[in-house]
Q: 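Have a look at this one.
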Amino acid sequence: MDGALIVTPSSVPVHQRIVTRLWRLLSDSAPADHEVFVAPLDIRLAVDTVVQPDILVAEAISIGRARIEGPPVLAVEVLSRSTRHIDLSP
């Protein structure tokens, strides 16, 4: 993020359960020209800033072959004890 590499461990089952349930709710209610994804999928916000939120909603026009280009409509990060300090830092 902003040129810094941030590596985190894989998620625990409760984290994935929350992500899966939120994905289902969002997918079921997304407009036809939007798509809901779960990580890992890159969003390129700038040349030196690529992020992978747990869940993202993107307009079809921003979905490229390799990544989402530009800011998504919605990005969701499910907080975990192990990544809380990273997720909440400015």
Q: Find out whether Val76 and Pro53 are in side-chain contact, i.e. whether some heavy atom of one side chain is under 4.5 Å from a heavy atom of the other.
A: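 A side-chain contact under 4.5 Å is absent here.
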
Q: Can you name the residues that form a side chain to side chain donor-acceptor pair (under 3.5 Å) with Arg67, not counting sequence neighbours?
A: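 With sequence neighbours excluded, Arg67 shows a side chain to side chain donor-acceptor pair (under 3.5 Å) to Glu69, given in chain and number order.
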
Q: May I ask you to test the Val50-Leu45 pair for a side-chain heavy-atom distance under 4.5 Å?
A: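 SC-SC contact between Val50 and Leu45 ruled out.
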
Q: How about Leu22 and Val38: do any of their side-chain heavy atoms sit closer than 4.5 Å?
A: no

Q: Grouping I, L, V, M, F, W and Y whenever their side-chain heavy atoms are under 4.5 Å apart, do Val73 and Ile55 come out in a common cluster?
A: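 In one cluster: yes.
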
Q: Would you indicate whether the side-chain heavy atoms of Asp42 and Gln52 approach each other to under 4.5 Å?
A: yes

Q: In terms of hydrophobic clustering (I, L, V, M, F, W, Y; side-chain heavy atoms under 4.5 Å; direct or indirect links), are Leu56 and Leu25 co-clustered?
A: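 Per the 4.5 Å side-chain linkage, Leu56 and Leu25 are not co-clustered.
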
Q: Please round to the nearest 0.5 Å and tell me the distance separating atom CG of Leu79 and atom CD of Glu77.
A: 7.5 Å

Q: Got a second to check how far Arg21's CZ is from Leu26's CG, nearest 0.5 Å?
A: 14.5 Å

Q: Below 4.5 Å, heavy atoms only, C-beta onward: do Val36 and Arg24 meet side chain to side chain?
A: no

Q: Does Ala58 offer a backbone N or O that forms a donor-acceptor pair with the side chain of Ser62 under 3.5 Å?
A: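 Not confirmed, Ser62 side chain does not pair with Ala58 backbone.
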
Q: With distance as the sole test, does Thr49 use its side chain to make a donor-acceptor pair with the main-chain N or O of Ala46 at under 3.5 Å?
A: no

Q: To the nearest 0.5 Å, how far apart are CG in Asp54 and NE2 in His15?
A: 3.5 Å

Q: Checking Glu35 against Val57 for the side-chain contact (heavy atoms from CB on, under 4.5 Å) test, could you report, in this order, the C-alpha distance in whole Å, the side-chain angles of both residues, the deciding distance, and whether it holds?
A: CA-CA 6 Å; Glu35 196 163 348; Val57 179; over 6 Å; no

Q: Could you go through Phe37 and Ile63, starting from their C-alpha distance and side-chain angles, then the distance that decides it, and tell me whether this counts as side-chain contact (heavy atoms from CB on, under 4.5 Å)?
A: CA-CA 11 Å; Phe37 296 95; Ile63 302 169; 3.9 Å; yes

